[in-house]
Participant: 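A single structure is presented below for examination.
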Amino acid sequence: MGRDGWMAATLEVVGAAGGVVDLPRVREGTNTFVIRSPDGGALQFSVPLLIPFPLPPEIDAGGADGAAWAVIEAVKNGAPDDPRLHPLGGLDTPRPQRYAGWTEPVTLVHSESAMGSGLWKSDLENVLAEDGFHCTVRGALAYPGPPDRQTIRSLGERVADLADGIRTVTERVPRSALMDAVLLSLDQKGLRDRLPAMGLVAFLGDGTRPARVYTPFRQHHRIAGPKDGVHIPFQCPEALEPVEVELPASGRVVTGLGVRRREALVIAGSNAQGKTTLIQAIRAGEDDHAPGDGRELVVTVRGIRTAEAGGLDLNGADVSLFFHRLPPGMTGTPKAAFGQGSGSMTMAMQFAAAIREEAPLIVVDEDRAAANLLVTSCLQEEDVTPLAGLLAGNRAALGDAALVIASSSLDPLIAQADRILVLRGHRADMIHPERFRETYREHLQALIRQMEGGLAARDDAHDTFS
Ligand SMILES: Nc1ncnc2c1ncn2[C@@H]1O[C@H](COP(=O)(O)OP(=O)(O)OP(=O)(O)O)[C@@H](O)[C@H]1O
């Protein structure tokens with residue numbers, strides 16, 4: 001941190017930048033630093049600024065994160081054309097691509113997770129408040145040489161110019177753009193609060209565009225932006241009884257799929273129809289999204305959990321919901337198991353913990369699950385009850401949690417669903433569970449006939465050649 005003495009000069013920089021530096025928010029080494037880049041070509045800095053742009057009085061402070069989002073994205077957009085903003089993208093350094101993450105667009109307005117912590121976005125460090133726009137900006141300049149009076153003064157001037165540039169852009173953001181983002185943020189927060197009273201744990205609005213595009217800086221679905229090109233919007237089929245909702249802040253009336261408390265909803269469909277994408281959108285509904293994200297109308301209550309196969313160490317984990325005996329190699333009892341968990345044991349632990357801690361919604365994706373914790377094989381012994389078995393015979397053990405399960409091949413599990421949404425060509429349709437069970441029965445009978453036919457043919461061939 002103290003390389004070349006730049007850190008020692010930081011406070012001088014702060015002084016030189018005058019009143020724009022947000023002194024109460026200065027945390028040296030964390031959000032305030034000046035350091036030469038590892039390749040030596042740039043001087044990287046981070047500094048909390050207070051831009052004199054107070055939250056307009058007509059804006060409800062509850063949606064101020066939307067206004068902060070609109071301002072930050074406008075500044076990022078303006079960076080190439082305004083030399084004062086060039087440090088944001090390291091545009092004057094020999095390798096600007098190294099700093100492109102700082103101007104990477106973000107369509108997230110609020111998240112309780114630590115998602116995208118390396119990106120500039122509306123969060124606890126970037127807030128529009130009554131006393132101005134508090135923001136922590138990171139930048140990079142071409143390396144000016146060792147820290148002496150001249151270079152330190154010029155750094156101070158660049159930071160002051162940057163603050164000035166941010167202020168200019170901020171003041172030009174149309175009020176309507178601020179208001180759109182604010183209302184959307186308030187709508188999502190308000191709807192999330194209302195869901196429990198509606199008997200719902202998630203709402204997936206019609207028109208949602210759930211698919212994502214990944215960039216080097218946004219590699220997780222929660223922070224990734226909308227997919228370009230062909231993008232089929234979600235539309236809740238009539239047979240799934242769409243819910244109509246009046247959004248609390250804008251008063252807009254929208255329709256969509258409501259995921260009900262305690263229900264088991266299966267998202268089915270053959271390969272690559274968009275099951276994982278839809279389930280990820282429901283998970284991302286814990287966050288608030290900006291106009292254009294595509295998931296603005298997906299709202300999920302907080303505290304949802306996933307259960308996935310893994311190989312975690314179990315340290316007194318209660319897996320008795322699924323396991324009635326421990327496999328060899330583990331110690332303890334099913335109520336307090338110790339040892340290296342198998343894929344299904346780890347998943348059982350996560351599932352049981354979610355139920356114990358009263359998670360409102362548990363999400364399971366067949367792609368990431370231990371299949372033997374979901375359905376039974378004819379070889380399975382009695383010491384494990386998979387999820388399909390719990391749904392069939394012991395629903396009470398799952399408490400109040402709703403389940404959303406993406407599955408394309410685990411018919412015995414799909415057969416236990418309360419509702420089945422089936423995706424075809426990325427479009428949602430519905431299969432009545434009773435109809436599915438009939439089809440499944442016929443499918444099993446055909447399989448038995450096929451298997452018996454195959455065995456008989458094998459016996460005939462054996463007789464012929466023996
Ligand atoms: N509504 C949509 N519009 C356009 N593309 C979509 C849509 N939903 C998903 N996709 C795209 O379809 C592809 C497959 O999606 P996804 O992985 O969610 O399918 P899946 O049903 O879970 O697949 P699998 O059965 O192989 O696990 C991805 O490239 C995804 O971005």
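Being a predicted model, the structure only gives us computed values, none of them experimental. Start at 1 and go down the list; that is how both ligands and their atoms are numbered.
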Participant: What is the nearest protein non-hydrogen atom to atom 19 (O) of ligand 1, stated with its residue, atom name and distance?
Facilitator: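 Sorting protein heavy atoms by distance from atom 19 (O) of ligand 1 puts Gly274 N, 3.1 Å first.
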
Participant: Starting from atom 12 (O) of ligand 1, locate the nearest protein heavy atom and write down its residue, its atom name and how far away it is, to 0.1 Å.
Facilitator: His426 CE1, 3.1 Å

Participant: Pick from His110, Arg302, Arg222, Gln188: which one makes a side-chain hydrogen bond (donor to acceptor under 3.5 Å, both in side chains) with Asp287?
Facilitator: Arg222

Participant: Checking side-chain polar atoms at under 3.5 Å, does Arg84 have a donor or acceptor matched by the opposite partner on Thr168?
Facilitator: yes

Participant: Could you list which atoms of ligand 1 come closer than 4.0 Å to a heavy atom of Val230?
Facilitator: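 Near Val230, the atoms of ligand 1 are 4 (C).
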
Participant: If you measure from each non-hydrogen atom of Arg212 to ligand 1, which part falls under 4.0 Å: side chain, backbone, both or neither?
Facilitator: neither

Participant: Are the side chain of Asp418 and the backbone of Ala264 linked by a donor-acceptor contact shorter than 3.5 Å?
Facilitator: yes

Participant: Flag yes if more than 12 heavy atoms outside Arg395 fall under 6.0 Å of its CZ atom; otherwise flag no.
Facilitator: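 Atom CZ in Arg395 is packed in, count exceeds 12.
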
Participant: Among all protein heavy atoms, pick the one closest to atom 31 (O) of ligand 1 and tell me residue, atom and distance.
Facilitator: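 Here the closest protein heavy atom is Ala211 CB, 3.7 Å.
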
Participant: Of all the non-hydrogen atoms in the protein, which one sits nearest to atom 17 (O) of ligand 1, and at what distance?
Facilitator: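 Closest protein heavy atom to atom 17 (O) of ligand 1: Thr276 CB, 4.1 Å.
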
Participant: Would you say atom 28 (C) of ligand 1 makes contact with the protein, given that contact here means a non-hydrogen protein atom less than 4.0 Å away?
Facilitator: no

Participant: Give a yes/no verdict on whether any heavy atom in Ala272 is under 4.0 Å from an atom of ligand 1.
Facilitator: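 Yes.
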
Participant: Please check if a non-hydrogen protein atom sits closer than 4.0 Å to atom 10 (N) of ligand 1.
Facilitator: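 Answer yes: something from the protein, a heavy atom, is under 4.0 Å.
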
Participant: Among all protein heavy atoms, pick the one closest to atom 21 (O) of ligand 1 and tell me residue, atom and distance.
Facilitator: Lys275 NZ, 2.7 Å

Participant: Could you check whether any side-chain N or O of His426 sits under 3.5 Å from a backbone N or O of Gln273, counting only pairs where one atom can act as donor and the other as acceptor?
Facilitator: yes

Participant: Once rounded to the nearest 0.5 Å, what's the spacing between atom OG1 of Thr300 and atom CZ of Arg295?
Facilitator: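 Output value for this atom pair is 10.5 Å.
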
Participant: Please list the nearest protein heavy atom to atom 16 (P) of ligand 1 with its residue and the distance rounded to 0.1 Å.
Facilitator: Thr277 OG1, 3.5 Å

Participant: Using the salt bridge (charged side-chain N to carboxylate O under 4.0 Å, His left out) criterion, which residues pair with Asp180? Sequence neighbours excluded.
Facilitator: none

Participant: Please identify each residue that fulfils ring-ring contact (aromatic ring centres under 6.0 Å, His included) with Phe234, with sequence neighbours left out.
Facilitator: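 Once residues adjacent in sequence are excluded, Phe234 has no partner under the ring-ring contact (aromatic ring centres under 6.0 Å, His included) criterion.
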
